[in-house]
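Working notes, beginning with the structure itself.
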Number of protein chains: 2
Amino acid sequence: MHALLVEDDDRMAHALGTALAQRGHSVRRVGRASDALQHAHEAEFVLLDLGLPDLDGLELLRRLRVLCSAPLIVVTARCEERDIVQGLRAGADDYVVKPFRTAELMARIDAVRRRTDTPSGSRDTDDGDGGEPVRTGDVEIDLAARTVRVAGAEVRLTRREYDVLAFLAARPGEVHSREEILDRIWGDVFLAASRSLDVHVAGVRAKTGRPGLIRTVRGFGYQLGDGGRGDGP
Amino acid sequence: MHALLVEDDDRMAHALGTALAQRGHSVRRVGRASDALQHAHEAEFVLLDLGLPDLDGLELLRRLRVLCSAPLIVVTARCEERDIVQGLRAGADDYVVKPFRTAELMARIDAVRRRTDTPSGSRDTDDGDGGEPVRTGDVEIDLAARTVRVAGAEVRLTRREYDVLAFLAARPGEVHSREEILDRIWGDVFLAASRSLDVHVAGVRAKTGRPGLIRTVRGFGYQLGDGGRGDGP
DNA sequence: TTACCTCTGTCATCCCCCTGTCACCTGGGA
DNA sequence: TCCCAGGTGACAGGGGGATGACAGAGGTAA
């Protein structure tokens, strides 16, 4: 059992690590976002502190979610309702506010894992396990390195543009609704009427020079395409 | 979407019911444990108050867990660590203490359902069509990815066309009436006299090149067919 | 300041949905 | 076998709505 503990405070990390170890988990503790992203694919479940110094917590959470679908519990001092809602919408399975009670946290970990350890397994053959870039046509999306290459040349996308592309690339071939995308990336489905998503999709298409990289499913949402050549059935 | 709201306090039930209805859930509210147990099997998810007068909350939770495996969130005034741990260990997927914040509770409901729900329309008896595509002949309908393949090649259907096909594919072999299909997809049975359904069925047949994929039951409705070869009993 | 990103608003376009019509098929009755 | 009535398939056209393209305001970081 491999727990990934993302926590920059030494005392907190020590306390949590001890509690987890007592319950039979092997723990890898990291204190920086970059290390968290590097080890995400090894984790059986994740405890995430949103207050890291080197990257916004929500942003880290979204990036982790693209890299792995393991159970993830946010453990943080941020207790505003807005923070909690956004954290859960960004993909957290549970959200625990510091100071927390250890036994409760352990019970929550077990509850989340009970739901996610599907006996039939293989629920996540999808998300880029480890570091294999997603390829479609001559476009290469490296979810771990957060880079995009077209015909070998790196393309610089903005944060939102990359988020949208990475979200679609995490499950190639699947169609995602506008609401789902807005929920996961913006944390707000009520932006559905907004034009933001369209604008950023257009940005990805323009900067990559591959209009077919993101395919529109009219009236529903978007899907990762074949990289440009939009031939039909 | 069927939410089972187990709550004996009228004001609380009203507030919760309103919030759920605003988010598109249909709500059945019960105030007694016996009613909760009776309707448990219909629920798509459960909100459970532990403070009912006629049965100990934990005991009710355990009995509910035997009857149904739907996502269940405890919403209660009991805030002792011991209560929370016991509730989670008894099978609750989350535990929210009153007074709670509505938006947070809704986000927690979504988070739990995200982990437990089958991605697309099929919502009934959990007969394993969770992630496996439906196959008939050489046609493959992936309800999770919202894609359709014929002989391995992806076929692009419009929204309505896909909706009709997916609805039939969610229960292979069953015959569905025009009214039922219109009700579930259009939300309006009064379109029964309209030609829309026929047009979209024709679209599916034409685009897939499999006229037998959707079989007409004259005077009644439609049924998922065998993928092309139109022989039958 | 400067440059860039993000979001919003507007306009134009195109596709999809619905409807209407005609023809064909099916099933029942004479 | 023939006729009739209702239902369905095929096809075309109009309208509406979703999306793409573009511009500009506001915010943020360098």
Side-chain angles (χ1 to χ4, degrees), chain A residues 53-56 58-59 62 86 146 148 155-165 167-168 175-182 185-223 225 228 230 232-233, chain B residues 146 155-165 167-168 175-179 181-182 185-223 225 228 230 232-233:
Chain A
D54 58 336
L55 183 61
D56 171 67
L58 271 180
E59 184 62 27
R62 283 192 206 101
Q86 286 193 330
R146 204 177 166 82
V148 178
V155 172
R156 295 189 58 187
L157 299 179
T158 68
R159 183 168 65 97
R160 292 300 198 197
E161 287 164 356
Y162 179 84
D163 285 344
V164 171
L165 179 59
F167 181 75
L168 299 177
V175 182
H176 301 270
S177 70
R178 297 177 68 92
E179 289 186 353
E180 182 187 359
I181 299 169
L182 290 163
I185 297 181
W186 277 265
D188 185 357
V189 292
F190 299 107
L191 287 168
S194 157
R195 310 302 320 278
S196 290
L197 179 53
D198 307 64
V199 171
H200 294 296
V201 167
V204 173
R205 288 170 173 157
K207 289 184 181 175
T208 59
R210 298 287 180 275
L213 178 60
I214 297 179
R215 179 187 296 174
T216 302
V217 181
R218 192 182 170 83
F220 188 80
Y222 295 93
Q223 172 189 27
Chain B
R146 201 183 165 88
V155 172
R156 298 180 59 182
L157 300 180
T158 68
R159 184 165 64 100
R160 292 299 197 197
E161 287 163 357
Y162 177 84
D163 286 344
V164 171
L165 179 59
F167 180 73
L168 299 177
V175 181
H176 301 269
S177 71
R178 298 177 69 91
E179 288 79 9
I181 299 169
L182 290 164
I185 296 180
W186 277 264
D188 185 359
V189 291
F190 300 108
L191 289 168
S194 157
R195 310 301 319 280
S196 289
L197 179 54
D198 308 64
V199 171
H200 294 297
V201 167
V204 174
R205 287 169 173 157
K207 289 185 180 175
T208 59
R210 298 287 181 276
L213 179 61
I214 296 179
R215 180 182 298 172
T216 302
V217 181
R218 190 182 169 82
F220 186 77
Y222 294 94
Q223 171 189 28

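To find a chain, count down the sequence lines: A is the first, B the second, and so on, and within it residues start at 1.
Between the CG atom of B:Leu197 and the C1' atom of D:dG7 there is a distance of 13 Å, rounded to whole Å.
Checked against side-chain hydrogen bond (donor to acceptor under 3.5 Å, both in side chains), A:Arg195 has no partners two or more places apart in sequence or in another chain. Residues passing the ring pair (Phe, Tyr, Trp, His ring centres under 6.0 Å) test with A:Phe220: none are found, sequence neighbours excluded.
Counting heavy atoms from C-beta outward, A:Phe167 and A:Arg62 have side chains that stay 4.5 Å or more apart.
Counting any heavy atom pair closer than 4.0 Å across all strands shown, B:Ser196 reaches a base atom.
Here the shortest heavy-atom pairing between B:Leu168 and B:Ile181 reads CD2-CD1, 4.1 Å. When every heavy atom of B:Asp163 is checked against every heavy atom of B:Arg146, the shortest pair comes out as OD1-NH2, 3.5 Å.
A centroid separation of 6.0 Å or more is found between the aromatic rings of B:His176 and B:Tyr222.
Separating the CG atom in A:Leu165 from the NZ atom in A:Lys207 is a distance of 12.0 Å, to the nearest 0.5 Å.
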Indicate every side-chain donor-acceptor pair of residues 196-206 of chain B with a distance under 3.5 Å to a residue at least two apart or in another chain.
{"unit_1": "B:Ser196", "atom_1": "OG", "unit_2": "B:Ser194", "atom_2": "OG", "d": "3.2"}
{"unit_1": "B:Asp198", "atom_1": "OD1", "unit_2": "B:Arg178", "atom_2": "NH2", "d": "2.7"}
{"unit_1": "B:Arg205", "atom_1": "NE", "unit_2": "B:Pro211", "atom_2": "O", "d": "3.3"}
{"unit_1": "B:Arg205", "atom_1": "NE", "unit_2": "B:Ile214", "atom_2": "O", "d": "3.1"}
{"unit_1": "B:Arg205", "atom_1": "NH2", "unit_2": "B:Ile214", "atom_2": "O", "d": "2.7"}
{"unit_1": "B:Arg205", "atom_1": "NH2", "unit_2": "B:Thr216", "atom_2": "OG1", "d": "2.8"}

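Using five terminal pairs a side, the axes of the helix from C:dT1-D:dA30 to C:dA30-D:dT1 at its two ends make an angle of 40°, given in steps of 10 degrees.
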Quiz item: Reading nucleotides 15-30 of chain D 5' to 3', which nucleotides get B (base under 4.0 Å from a protein heavy atom), which S (sugar-phosphate only), which -?
Solution: --BBSBB---------

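Put simply, chain B comes within 4.0 Å of DNA chain C, heavy atom to any atom, from C:dC16 to C:dT26, going 5' to 3'.
Counting non-hydrogen atoms of neighbouring residues, nucleotides and ligands closer than 6.0 angstrom, the CD atom of A:Glu179 reaches no more than 12 such neighbours.
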Exercise. Please step through side chain to side chain contact (heavy atoms under 4.5 Å, CB included) for the pair A:Arg218 and B:Arg156, ending with a clear verdict.
Key: CA-CA 11 Å; A:Arg218 192 182 170 83; B:Arg156 298 180 59 182; over 6 Å; no

